[in-house]
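So the structure is just underneath, and the comments pick up after that.
For clarity, every value in this text was computed on a predicted model and none was experimentally measured. Only this structure's heavy atoms are used, side chains among them; waters, hydrogens and symmetry mates stay out.
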Amino acid sequence: QVQLVESGGGSVRSGGSLTLSCAVSGYIYSPSCTAWFRQAPGKEREGVAVIDNDGRTNYADSVKGRFTISQDNAKNTLYLQMNSLKPEDTATYYCAAGRLLLYTLWRRRASYTYWGQGTQVTVSS
C-alpha cells in the first residue's frame, strides 16, 4: 500500500524559507504524478505544485517563482522548497500521489488517490 508522510513544517516570519519533505513508500504505477496541496482554515484545499515521472513541473500562480518542487528517487522523497514566504502561505500542506490521467487536471483533488497526513506551515508578518 502506498503511504505518504510529510515533515518539515514550522513557523517562520514573512520573507523566510522552509523546506517540506514527503517520504513515499509503496508502488505507484507509471505514469504518475506527485503534488503538494495546501488548505487554510475555512478555505478549499488547493494544488500548489506538481511533478511527474519525467520531471515535468507546474505551479500555482500564487507561488510561482517562490516555490520549487523536486524529487529524489533514490531516497523516495518529494520536496517543496519555499522561499519568500508570505502570511497568505499559512496552511496545512499535504503531499499527494496518483496515476497521471490528465495532466491538465493536476490541481484537482480528485486526481490523486494517496494523501499524507499534512504538516503545518505558519508565516507571521
### Message
Taking Phe67 as the starting point, is it possible to reach Trp36 by hopping between hydrophobic residues whose side chains are less than 4.5 Å apart?
### Response
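Same hydrophobic cluster.
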### Message
Between Tyr79 and Leu4, is there shared hydrophobic-cluster membership here, with clusters defined by ILVMFWY side-chain heavy atoms closer than 4.5 Å?
### Response
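No.
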### Task
Scan residues 57-80 for pairs that pass salt bridge (charged side-chain N to carboxylate O under 4.0 Å, His left out), counting only residues two or more places apart or in two chains.
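Found Asp61-Lys64, Arg66-Asp89.
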### Message
Among Thr34, Leu20, Asn73, which residue satisfies the side chain to side chain contact (heavy atoms under 4.5 Å, CB included) criterion with Leu78?
### Response
Thr34
### Donor + acceptor pair across side chains of Thr92, Gln39 (<3.5 Å)
no
### Summary
Contacts of Cys22 meeting disulfide (SG to SG under 2.5 Å) (sequence neighbours excluded), chain-then-number -> Cys95
#### Entry: Greater than 12 external heavy atoms within 6.0 Å of Arg13's CZ
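Counting neighbours around CZ of Arg13, 12 or fewer heavy atoms of other residues, nucleotides or ligands fall under 6.0 Å, so no.
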### Query
Which residue pairs satisfy the side chain to side chain donor-acceptor pair (under 3.5 Å) criterion with at least one member in residues 109-118, sequence neighbours excluded?
Glu6-Gln117
### Query
Taking the side chain from Tyr59 and the backbone from Ile69, do they hold a donor-acceptor pair closer than 3.5 Å?
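Such a contact is found between Tyr59 side chain and Ile69 backbone.
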### Query
Do the numbers put Arg56 on top of the ring of Tyr103, so that NZ or CZ is under 6.0 Å from the six-membered ring centre and no more than 45° off the axis?
yes
#### Entry: Gap separating the SG atom of Cys33 from the CG atom of Leu100, nearest 0.5 angstrom
5.0 Å
### Task
Report the distance from atom CZ of Arg45 to atom CZ of Arg108, rounding to the nearest 0.5 Å.
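Answer for the CZ-CZ pair, Arg45 versus Arg108, is 16.0 Å.
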### Query
Tyr93 and Met82: side-chain contact (heavy atoms from CB on, under 4.5 Å), yes or no, with the steps?
CA-CA 12 Å; Tyr93 284 71; Met82 305 185 294; 3.9 Å; yes
